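First up is the structure itself, then whatever we jot down about it.
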2 protein chains.
Amino acid sequence: MATLRDLAAAVGVSVTTVSNVLNGRPNVGSDIRKRVLRAAKKLGYRPNLAAQAMRTGRTRAIGLVLPDLTNPFFPELAQAVENTARSAGLLVCLIDSQGKTEGEADGFSLLMQHAVDGVIWCPLGPTAPATLKNFSKPVVLIDRPRQGYDVVQSDYAMGGRLLAEYAVRMGHTSVGLLSGPERIESARQRRDGFIGARPRELKVAWEVGVGFDGMLTREAVAALTRRRSATLIICGNDLIAISAIRCLSEHGIRVPEDVSITGFDNIRWTELVTPRLTTIAQPIAAIGAKAVELMRERMSGEPLVSRRTIFDVALVERDSVRRLPPR
Amino acid sequence: MATLRDLAAAVGVSVTTVSNVLNGRPNVGSDIRKRVLRAAKKLGYRPNLAAQAMRTGRTRAIGLVLPDLTNPFFPELAQAVENTARSAGLLVCLIDSQGKTEGEADGFSLLMQHAVDGVIWCPLGPTAPATLKNFSKPVVLIDRPRQGYDVVQSDYAMGGRLLAEYAVRMGHTSVGLLSGPERIESARQRRDGFIGARPRELKVAWEVGVGFDGMLTREAVAALTRRRSATLIICGNDLIAISAIRCLSEHGIRVPEDVSITGFDNIRWTELVTPRLTTIAQPIAAIGAKAVELMRERMSGEPLVSRRTIFDVALVERDSVRRLPPR
DNA sequence: TCCGCCAAGTGAAACGTTACACTACACAGC
DNA sequence: GCTGTGTAGTGTAACGTTTCACTTGGCGGA
């Protein structure tokens, strides 16, 4: 691989001058500038990132720390993050903690050792790994806000409102809640958004919390199959909703004929399952792209106040909710 | 961050000695060794990877180049790769080409610039990016073999055999094929495995090729809905199968009552859709782990012949295939 | 006693960049 | 003719590691 020194020798100038040209610094005559650029192209010069990193402390790589690629929300996100990062010349280093806090901690320490320039992070729970304390690079949060950090997420209160309105519009008066985990901020926001926006006449017959991974607890199965008064089940995300449909169908309960269901996220699978899932769409790709954008601003030393970017969500009506006849 | 020099000063030995201790080299007395280790722990020393990379040319990072995270096969794979890599102290740098060859090329050049120690790659098509020519680090292929490279994949011939046997066992005599893309080696292997293993009395009524992403072409939809003689549809992967089920159900054709369907891969969704999908299971996580293992062997300069690791597959019988009454 | 050998440890030069302090020269202003 | 200023370009010291060649002292063998 050609080095700065090679270029310098080829053109007949000093290494410093070559470096100055390549970094667009002033005080280089235009002919020399041209000759250096030509030589660089001809010799196929690519800066040695390791050397650069060592000198400057910047690596042009960012970390992406996710809880679980098995939940289809995250691959979609990762894809968006990787693609927009790459078009900005940034490499994305992936950590999948598989839902384990120590995985998250390991991941962060690996990323720190590699001196990534920043981390885009969807936190597992409320407690941050200890190693994060002495991580001086920018961190942008996805989906789950936390004091003192930039975050980009969707307007979950709006999602809750949309769901509540829709429920009454479709004639439902009693719902069951299959919420996401209590300890996850965004799960609470979804739940509270709905609870708060719901008019008095819309009752919550029961509520049980499950993981975002869609694994149904015994309690959840019981709630689903006991056939209490709820005619509509509001799920914390699409994965939960789809698992619930599956569970119901195994117990001979039909959706939406016997009970209606909604999801949240609008992952691709909502269109592929039967019945197609009515859900709240969040702009996953836009969220990923925005996170990279915020990251880049931070990396170039932008504003020091923490910012939150909130995207609108929308109701996507499909086949999993039945309109109830007026009584 | 503490450096070797700091440690040397703290212990009162030379930098070289500290380096020797940390790299487990001989010719260091056991007391000095202990004192260095103690100091390293106390000062929280972590080697500066950039400096190390610059000296040695190794980065302790590997690339993972995938076609499309949106296909659930790949997140599962990525998760396995990342986790086993991390437990070997390797960082995984992700590239998602989104099915575009130029994305693949960009990705490789980014990885090369970052001097990753190797790449685990699931190639998009038969042609490799030009930049790959002068990539001197090890490459191990996943799922799609190619002359001169290590590869790890499943035994697709076996899968085809299993499918063929199963089809006749269930009384089917005429099948339709919704194969994966012709240009992808592993798609051909699946198809050819089935075609080759099938007994004479099992007819192929029709065949159409579609993308592994499950997007059904007009031609595919026509084949599915025209209700020709086929009683069983063999799909190139689960995503295609699930899309097909969806498409059929939109046209009022029931699975498995009217027509049966099989998938391939055994992604998690096969259990969540209705009907649950009968499919061929491949050990996705094991494939990912094995790829990392091969990579590590190559990185430490192991055998120079290219090796292929083939995993057995298994039939997973669920609800999407109907047993036909004997005529 | 001397030689040679081995283990334990050291010094310094690289790796490819960047950044600082410097020189050389031209030209304007007085 | 001198000083001051600005432009174009150079030399060199870092950054933190690894590695090669080297020194030192102790000890066994003849």
Side-chain angles (χ1 to χ4, degrees), chain A residues 1-37 39-40 43-61 89 112-117 136-137 299-301, chain B residues 1-37 39-40 43-61 89 112-117 136-137 299-301:
Chain A
M1 215 28 157
T3 74
L4 279 195
R5 210 188 330 273
D6 298 336
L7 291 196
V11 178
V13 295
S14 75
V15 176
T16 302
T17 299
V18 177
S19 171
N20 285 338
V21 170
L22 264 19
N23 293 303
R25 271 185 270 273
N27 291 346
V28 183
S30 65
D31 48 336
I32 288 208
R33 187 176 297 272
K34 254 179 270 168
R35 280 161 57 203
V36 167
L37 258 18
L43 301 191
Y45 172 78
R46 320 229 69 182
N48 179 324
L49 244 30
Q52 220 159 258
M54 177 162 163
R55 233 5 287 244
T56 64
R58 347 193 67 222
T59 51
R60 303 177 155 286
M112 284 173 63
Q113 196 172 146
H114 278 263
V116 294
D117 290 341
S136 52
K137 306 291 178 56
M299 280 165 52
S300 50
Chain B
M1 213 32 157
T3 74
L4 279 194
R5 208 185 334 270
D6 298 336
L7 291 196
V11 179
V13 295
S14 75
V15 174
T16 303
T17 299
V18 177
S19 171
N20 285 339
V21 170
L22 264 21
N23 293 303
R25 271 185 269 273
N27 291 346
V28 183
S30 65
D31 48 337
I32 288 210
R33 188 175 295 273
K34 254 180 268 168
R35 280 161 58 204
V36 167
L37 259 16
L43 301 192
Y45 171 79
R46 319 229 68 180
N48 179 323
L49 245 29
Q52 220 160 256
M54 175 160 163
R55 231 6 282 247
T56 63
R58 346 194 66 221
T59 52
R60 303 179 156 287
M112 283 171 64
Q113 199 175 140
H114 278 264
V116 294
D117 290 340
S136 52
K137 305 291 178 58
M299 280 165 52
S300 51

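If you're wondering where the values come from, they're calculated on a predicted model, not measured in any experiment. So you know, we letter chains A, B, ... as the sequences are listed, proteins then strands, and number each from 1.
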Do you know the tightest heavy-atom contact between B:V28 and B:R25?
CG2-O, 4.1 Å
Side-chain N or O of B:Q52 versus OP1/OP2 of D:dG16: is the shortest distance under 4.0 Å?
no
Residue B:V15, side-chain heavy atoms: nucleotide from C:dG16, C:dA19, D:dT18 that is nearest
D:dT18
Just how far, in rounded Å, is P of C:dC20 from CZ of A:R55?
9 Å
Would you find more than 12 non-hydrogen atoms of other residues, nucleotides or ligands less than 6.0 Å from B:R5 atom CZ?
no
Under 4.0 Å from OP1 or OP2 of D:dA8: is there any side-chain N or O of A:R33 that close?
no
Distance check: side-chain N/O of A:T17 vs OP1/OP2 of D:dT10, anything under 4.0 Å?
yes
Under 4.0 Å between any heavy atoms, over every strand shown, what does A:N48 touch: base, sugar-phosphate, or nothing? Just pick one.
sugar-phosphate
Any side-chain N or O of B:R25 below 4.0 angstrom from OP1/OP2 of D:dT19?
yes
Would you say C:dT18 has OP1 or OP2 under 4.0 Å from some side-chain N or O of A:S19?
yes
Interatomic distance, A:M54 CE vs D:dT17 P [rounded to whole Å]
8 Å
Using whole Å, what does the distance between atom C1' of nucleotide D:dG16 and atom CG of B:L49 come to?
11 Å
Which nucleotide wins on minimum distance to the side chain of B:V28, given the candidates C:dG9, C:dT10, D:dT10?
C:dG9
Atom CG of A:N27 and atom C1' of C:dC20 are separated, to the nearest Å, by 14 Å
Could you state the atom-to-atom distance from CG of A:L43 to C1' of C:dG16 in whole Å?
15 Å
Among the nucleotides C:dG9, D:dG9, C:dT18, which one has an atom lying closest to any side-chain atom of A:I32?
D:dG9
Min side-chain heavy-atom separation B:R46-A:M112 under 4.5 Å
no
Base D:dT12 paired with A:T16 side chain (donor-acceptor, <3.5 Å):
yes
Over how many whole Å does the gap from B:R5 atom CZ to C:dT10 atom P extend?
15 Å
How is B:T3 classified with respect to the nucleic acid when contacts are heavy atoms under 4.0 Å: base, sugar-phosphate, or nothing?
sugar-phosphate
Check whether any side-chain heavy atom of B:Y45 sits under 4.5 Å from a side-chain heavy atom of B:V18, and report yes or no.
no
Within the pair B:S14 and C:dG9, is there a side-chain N or O less than 4.0 Å away from OP1 or OP2?
no
Interatomic distance, OG1@B:T17 vs CG@B:L7, rounded to 0.5 Å, equals 12.0 Å
From the set D:dG16, D:dT17, D:dG9, return the single nucleotide nearest to any side-chain atom of B:Y45.
D:dT17
Write down the distance between CG (B:N20) and P (D:dC20), rounded to a whole number of angstrom.
11 Å
For A:D117 and A:K137 the tightest heavy-atom approach is O-CB, 3.6 Å
Please tell me if B:N23 has a side-chain N or O lying less than 4.0 Å from either OP1 or OP2 of D:dT18.
yes
Let me know, please, whether B:A51 or A:L22 comes out on the 5' side of the other along DNA chain C by nearest nucleotide.
B:A51
Heavy atoms only, 4.0 Å cut-off, all strands: where does B:P26 land among base, sugar-phosphate and nothing?
nothing
Would you mind reading off the distance between A:R46 atom CZ and C:dC15 atom C1', rounded to a whole angstrom?
20 Å
